[in-house]
Amino acid sequence: MMMWKDSGVPADSFYEARSECAEGPKSKFKIKAGKTLSARRWHAAFSPDGHLDIASVLSRIQRGGVHPSIRGEVWEFLLGCFDPKSTFDEREQQRQHRRVQYARWKELCQALDSHVGSGRIITAPVITEDGQPIQDPLVLLEANPDQSKGQANGGSEAEPYLDKQVIEWKLTLHQIGLDVLRTDRTLVFYEKKENLSKLWDILAVYAWIDKDVGYCQGMSDLCSPVIILLEDEADAFWCFERLMRKLRGNFRCTERSVGVENQLQSLASITQVLDPKLHQHLETLGGGDYLFAVRMFMVLFRRELSFGDSLYLWEMMWALEYYPDMFAMYEEPELINEKNEVSKGKVKSIRQFGKFERENIKNGTKASEAPLPITVFLVASVLKEKSARLIQEARGLDDVVKILNETNGDLDAKKTCSHAIRLHKKYLKMAKRS
């Protein structure tokens, strides 16, 4: 058990890295006694029946993040898996119900493709785009490296007819496999094949149940930390599913637009207000669409920060924009687009909202206007910090990407969050005057 130190413990100390993988961003955030939400304070925040004092928890997280020993169970509340007003017994019933539901979905996926739940990961397509099984022995062997060539068809036997949705899903399975094998390979955790298989299974099941989005690159980076923090596969799945409720819009693409486009447009509007010179320079370079910022939105700074620091940033974001009706909105679909009305319909302490969300409430955000997510202001904070250099040195979009990529290693998650909050307040004031 790692001891607490006055100077703080580096966030990455809790996630063992392989000795040969020394490169990459270094941890800047430190777990500190008296600031970080500890196991003792977390357990003390519950009443005897299990009601959670979410206001005290949010306050502590916003000061110093969450101790890794309780991070998984805290995230379940921050992401809306559970209602703070629920009891211990109610949450246990919900947990068991969700585990049964996940098992059913996984069994369905196993019936569609026997690789699911087998402990194997496929990295090559096993059917053609018209649903026919691929018979090439080399392809089959790559898809099933643990089997002999004669047995390598696992789950792709000739079928009289495959539904279009089934074909689309089966065609994503090898892409999931390729991404899983590249995800967080610096961590000792993923040296165990069963952990890789768990990540693949969860992403495969999610791709089946969310047919509008399916699977897209970047989802493995979002799901991986949840696998590490929550031991039970079903619990990890539901935590990831709630995370995707926040982010699935980024991955949802149509013939007319890319999912993340709305956030890029918001980033452009914010930069135009807060740093007009930088915005004008980027437009002159042909970067007015802000596509160079896509990666930060899609994987929430996983490339720019160390593993431990990225988890700290995530929980800070969720605590800052937390609102108490999140669970009800997820469980009752008719409330999904009525966030403001729900909150106004019930008397709630302002302390039950995150600091970022409180600013939106104080500013009087209209019910018809969805507030901008904190991620937009986090990315705006990075651009603002690099503004002078981007204006002076960037002579093309390649230079913009190069300068932003050099953020890797020198980005401070805590300072970036604080800067984002300040930018948010400034933007609200300026937008109100205009």
Side-chain angles (χ1 to χ4, degrees), residues 98-136 139-147 152-183 194-224 226-227 233-234 236-255 258-260 298-299:
R98 288 172 182 162
R99 287 177 177 177
V100 170
Q101 180 63 71
Y102 176 70
R104 288 174 180 162
W105 282 334
K106 189 172 181 181
E107 287 175 7
L108 175 58
C109 291
Q110 285 175 316
L112 296 174
D113 192 291
S114 62
H115 294 98
V116 176
S118 69
R120 302 195 308 273
I121 297 174
I122 60 172
T123 56
V126 290
I127 62 168
T128 62
E129 291 188 359
D130 60 359
Q132 296 302 311
I134 292 178
Q135 302 296 343
D136 185 334
V139 172
L140 293 174
L141 187 61
E142 183 181 350
N144 300 270
D146 296 333
Q147 298 185 30
N153 60 348
S156 293
E157 295 84 359
E159 308 234 10
Y161 172 76
L162 282 180
D163 180 86
K164 181 181 177 182
Q165 290 183 330
V166 175
I167 294 173
E168 291 177 352
W169 175 73
K170 287 171 79 77
L171 286 172
T172 68
L173 296 181
H174 75 283
Q175 184 59 58
I176 296 174
L178 290 170
D179 290 347
V180 162
L181 294 180
R182 291 191 288 254
T183 302
E194 58 263 37
N195 292 330
L196 289 170
S197 299
K198 186 189 293 187
L199 179 57
W200 188 81
D201 284 342
I202 287 177
L203 292 169
V205 174
Y206 181 82
W208 173 251
I209 67 157
D210 189 351
K211 295 180 177 62
D212 286 343
V213 173
Y215 174 79
C216 301
Q217 277 191 303
M219 288 185 183
S220 61
D221 292 289
L222 299 173
C223 188
S224 171
V226 178
I227 302 288
E233 183 177 321
F237 169 85
W238 284 105
C239 197
F240 173 66
E241 190 270 346
R242 288 299 197 253
L243 173 57
M244 287 304 298
R245 297 276 189 125
K246 288 177 171 287
L247 301 175
R248 68 190 296 272
N250 288 352
F251 296 93
R252 190 172 186 174
C253 299
T254 66
E255 293 179 359
V258 179
V260 76
M298 298 298 281
V299 296

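Residue numbers start at 1 and run along the sequence shown. What you see below is based on every heavy atom in this structure, not just the backbone, and it leaves out hydrogens, waters and symmetry mates.
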Can you tell me how far apart CE (Met244) and SG (Cys223) are? Round to the nearest 0.5 Å. 9.5 Å
I want to check something: taking the side chain as every heavy atom from C-beta on, are Leu108 and Arg104 in contact at a cut-off of under 4.5 Å? no
Return the orientation label for the Trp200 and His115 ring planes: parallel under 30°, perpendicular over 60°, tilted otherwise. perpendicular
Over 60° means perpendicular and under 30° means parallel, so classify the ring planes of Phe237 and Tyr102, tilted if in between. tilted
When rounded to the nearest 0.5 angstrom, what distance separates CD1 in Ile127 from CG in Leu171? 4.5 Å
Check for a donor-acceptor pair, side chain of Ser224 on one end and backbone N or O of Asp221 on the other, with a separation under 3.5 Å. no
Look at Lys198 together with Asp201 and state whether they make a salt bridge at an N to O cut-off of under 4.0 Å. no
If we ignore hydrogens and angles and just use 3.5 Å, is the side chain of Lys170 paired with the main-chain N or O of Gly131 as donor and acceptor? no
Within the structure provided, determine whether Trp208 and Val116 are in side-chain contact (heavy-atom separation under 4.5 Å). no
Inspect the surroundings of CD in Glu129 and state if more than 12 heavy atoms from other residues, nucleotides or ligands are less than 6.0 Å away. no
Given Ile227, Val205, Leu203, the one that forms side-chain contact (heavy atoms from CB on, under 4.5 Å) with Phe240: Leu203
Could you report the tightest heavy-atom contact between Ser114 and Ser118, atom names first, then the distance? O-CB, 3.5 Å
How long is the span from the CE atom in Met219 to the OG1 atom in Thr183, to the nearest 0.5 Å? 12.5 Å
